[in-house]
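In what follows, every heavy atom counts, from backbone to side chain, and hydrogens, waters and symmetry copies are set aside. Predicted model, so just to flag it, every value in this text is computed and none were measured.
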Amino acid sequence: MELQQVEILSINQKAVIPAQELKGEQLEALNSHSVADAIRYFAGVQIKDYGGVGGLKTVDVRGMGSQHVGVFYDGIQLGNAQNGMVDLGKFSLDDMEVISLYNGQKSNIFQPAKDYASASAIYLQTKRPSFKDNKNTNVTLRYKLGSIQLINPSVRVEQKITDQLAAFLSAEYVKTNGVYKFRYQRKNRDGSTAYDTVLKRRDGQVDAKRVELGLVGKGYNSNWNVKGYLYDSDRGVPAAIVRGRFDGRGQTWVDKNYFLQGSYEKRFNKFQSKVNAKFAYDFTHYTDTVSTVKAENKYIQREAYVSWANIYSITDKWDVSFSTDYQFNNLDADLAEFSYPTRHTNLVAFASTYRWDKFYLQGSLLGSFVKESVEKNTSSPDKNVWTPTIIANYQPFTREDFNIRAFYKRIFRMPTFNDLYYTNVGFSNLKPEYSSQYNLGFSYKKLLDGFFKSFSIDADAYYNEVTDKIVAAPSGSLFRFTMLNLAKTKMKGVDIKVRSSFQLGEIHFSPSANYSFLEAQDVSNPSDTFYKNQIPYTPKNSGSFVMSAKYRTWNFNYSFIYVGERYNVHKDNIRVNRLNPWFTNDLGVHKEFQINQNLLKVSFELNNVLNQQYDVVYNYPMPGRQFKIILSANL
């Protein structure tokens with residue numbers, strides 16, 4: 001008997017906008033240990049990594065910016081009203097079942113209004129309790145150790161309480177000193193060498209604990225779950241290597257993140273309803289004792305969220321849905337003259353799908369109503385915005401799995417609390433950023449009987465615009481900036497994804513490749529020297545290749561990631577601002593052992609095999625060659 005949370009939606013829908021997914025054995029085979037590492041293998045995605053081990057890791061999809069990406073953890077969005085970004089480096093892959101990326105939004109209209117409210121979305125689905133062979137208890141033990149003094153033990157326990165109820169506990173500890181060697185090279189404007197030396201990167205230490213505890217249950221035509229989450233970390237903040245300074249800066253970042261969330265879903269014949277709820281408390285303590293401007297700041301964020309989503313099947317081909325969400329956010333900080341903002345957000349979404357023979361059409365309309373108040377200074381004006389989305393899919397051939405798809409989406413992003421209220425920086429009259437997305441693509445899948453077992457290809461061409469983009473402009477001092485709606489950017493690109501599988505004797509091979517072309521230009525002001533230049537940190541060309549091979553109880557994995565030339569934050573696409581292309585090669589070998597009913601696994605992973613020296617973000621050097629040894633047991 002298995003106890004799992006299941007999707008009880010009875011309608012069999014083809015995904016109009018198919019997700020890019022990594023799941024199960026694919027996730028285990030990759031030489032990745034955080035969500036940020038794994039997402040690098042998706043087409044159209046760029047990860048900003050500020051210094052490797054302890055550095056902040058954010059995601060950018062199709063050049064639109066990190067704040068336009070919604071990140072959902074077990075169906076409920078991870079929030080950060082302070083700066084709008086989610087640090088994906090905090091999330092381990094140990095408990096992850098599926099990672100999905102959607103451009104635009106999910107095709108399934110039975111979802112909260114929040115799911116319609118971002119330009120793209122990443123869904124992190126953790127493992128659900130599953131019991132086989134009459135087992136009542138599952139225990140997974142894992143221990144990782146490696147270079148950079150990494151120690152990373154974890155445990156997961158699943159317990160069946162009844163046939164309809166199960167509990168789980170997951171805990172993890174990560175510790176590393178964050179010290180690694182790197183080669184530092186810089187040129188003067190005349191081409192002569194300014195620096196060329198090998199140094200040690202410091203300030204990347206991490207001491208982090210994660211604990212999750214939850215219940216999963218099911219009833220008659222219903223299922224529910226509740227989860228508590230704790231993340232407690234004390235880590236260094238790797239500083240930029242500038243002005244010949246290579247030593248540590250004494251910057252630290254303490255995080256204490258807690259949330260409690262739950263979901264209940266019920267079906268009544270042709271009508272289905274789902275309720276989600278969450279409360280989150282986030283504490284951040286940032287300290288800088290070495291830089292010219294000393295800082296010690298504490299921030300507390302609180303978030304309360306509730307959602308009610310409904311779907312009704314009018315006919316076998318026509319569905320309609322309605323969902324409404326409410327979210328409360330506030331922010332406390334120990335800054336002088338801080339505004340202490342509170343935000344109330346109401347979202348309402350109407351959506352419908354119609355399936356007619358080979359044609360599928362979906363439309364949605366999202367209403368966003370935002371009201372803010374502050375204890376000091378001036379609050380941002382209320383926002384009342386309606387934004388539409390329309391999606392279409394057509395399958396021209398009955399006997400071939402070939403689909404043509406297209407979508408248009410209009411969406412907006414609220415300014416963050418930092419944009420609006422940060423002391424000496426924020427500007428309370430900022431407008432939201434508006435984006436328009438256009439996408440045209442196709443997919444083709446084929447199952448084969450010969451040497452090749454399967455083949456699939458997905459290709460999409462897109463055009464995006466972001467208007468009223470929020471930028472920081474100097475205001476008479478290097479330490480005083482004003483946030484303004486100035487920028488306008490246009491992005492056009494192509495994403496191509498190819499998957500296949502074939503077999504040689506007893507060896508099963510699964511190659512996959514992604515390629516992305518992206519031209520993302522700043523078109524704000526024709527008089528700017530960087531007008532129509534590629535926006536910072538956005539490569540025109542990027543891609544990845546993964547080859548997995550399985551032979552009996554052995555698994556081998558090779559992965560390659562390439563990122564083309566980019567330009568740093570100074571915007572002008574000139575030689576002095578150019579960042580070199582970079583690539584990495586990773587290898588992994590995994591061996592399984594079956595002892596009675598217990599499965600043991602030993603893995604050896606080698607990352608950045610050729611010891612490439614590169615920066616993802618300018619002046620934040622990344623680690624060179626690294627290794628990991630992983631021991632795991634499923635009891």
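- Note on Asp207 versus Arg235: no salt bridge recorded, every NZ/NE/NH1/NH2 to OD/OE distance being 4.0 Å or above.
- With hydrogens and angles disregarded, a donor-acceptor distance shorter than 3.5 Å links the side chain of Ser524 to the backbone of Lys488.
- A donor-acceptor contact shorter than 3.5 Å links the side chain of Asn608 to the backbone of Pro623.
- Formation of a donor-acceptor pair under 3.5 Å by the Lys409 side chain with backbone atoms of Ser118 is found in this model.
- Ion pairing of Asp234 with Lys256 is absent here, as no side-chain N (NZ or NE/NH1/NH2) approaches a carboxylate O to less than 4.0 Å.
- With hydrogens and angles ignored, the 3.5 Å screen pairs a side-chain donor or acceptor of Asn80 with a backbone N or O of Gln82.
- No more than 12 heavy atoms of other residues, nucleotides or ligands shown are found within 6.0 angstrom of NZ on Lys181.
- Arg625 places no side-chain N or O within donor-acceptor distance of the main-chain N or O of Asn607, the cut-off being under 3.5 Å.
- A donor atom on one side chain and an acceptor atom on the other are found under 3.5 Å apart for Ser154 and Asp94.
- Checked for salt-bridge contact, Asp522 and Lys490 miss the test: no charged N lies under 4.0 Å from a carboxylate O.
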Asp460 and Asn103: CA distance, side-chain angles, deciding distance, side chain to side chain contact (heavy atoms under 4.5 Å, CB included) verdict: CA-CA 10 Å; Asp460 289 272; Asn103 290 302; over 6 Å; no
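- Side-chain N or O atoms of Ser66 include none that pairs as donor or acceptor with a backbone N or O of Met85 at under 3.5 Å.
- Under the 4.0 Å criterion applied to side-chain N and carboxylate O atoms, Asp74 and Arg128 are assigned as salt-bridge partners.
- No close placement of the Tyr462 and Tyr438 rings is indicated, their centers lying 6.0 Å or farther apart.
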List, one per line, each side-chain donor-acceptor pair under 3.5 Å for residues 537-549, sequence neighbours excluded.
from   : atom 1 : to     : atom 2 : distance (Å)
Tyr537 : OH     : Tyr618 : N      : 3.1
Thr538 : OG1    : Pro536 : O      : 3.3
Asn541 : OD1    : Tyr515 : OH     : 2.5
Ser542 : OG     : Gln46  : NE2    : 3.1
Ser548 : OG     : Asn557 : OD1    : 2.8

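- By the 6.0 Å contact criterion, NZ on Lys453 is enclosed, its count of non-hydrogen atoms from other residues, nucleotides or ligands being greater than 12.
- Lys492 has a carboxylate O that lies under 4.0 Å from a charged side-chain N of Glu519, or vice versa, which qualifies the two as a salt bridge.
- Between the side chain of Asn580 and the backbone N or O of Tyr614 there is no donor-acceptor pair closer than 3.5 Å.
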Would Glu172 and Arg210 satisfy salt bridge (charged side-chain N to carboxylate O under 4.0 Å, His left out), going step by step from the backbone distance to the final call? CA-CA 5 Å; Glu172 180 182 21; Arg210 173 187 60 85; 3.1 Å; yes
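- At a threshold of 4.0 Å, the pair Glu605-Lys628 does not count as salt-bridged, since none of the basic side-chain nitrogens sits closer than that to a carboxylate oxygen.
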Please lay out, stage by stage, how Tyr558 and Asn585 fare under the test side-chain hydrogen bond (donor to acceptor under 3.5 Å, both in side chains). CA-CA 7 Å; Tyr558 166 76; Asn585 296 269; 2.5 Å; yes
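- Judged by distance alone, the side chain of Ser516 and the main-chain N or O of Gly44 form a donor-acceptor pair under 3.5 Å.
- Residues that satisfy the salt bridge (charged side-chain N to carboxylate O under 4.0 Å, His left out) test with Glu465, not counting sequence neighbours, are absent from this structure.
- The residues Asp458 and Arg405 are annotated as salt-bridged, a charged nitrogen and a carboxylate oxygen being separated by less than 4.0 angstrom.
- Residues in residues 555-565 take part in these salt bridge (Lys or Arg N to Asp or Glu O under 4.0 Å) pairs, two or more places apart or across chains: Glu565-Arg578.
- Defined by atom type and a distance below 3.5 Å, a donor-acceptor pair is present between the side-chain atoms of Thr529 and Asp572.
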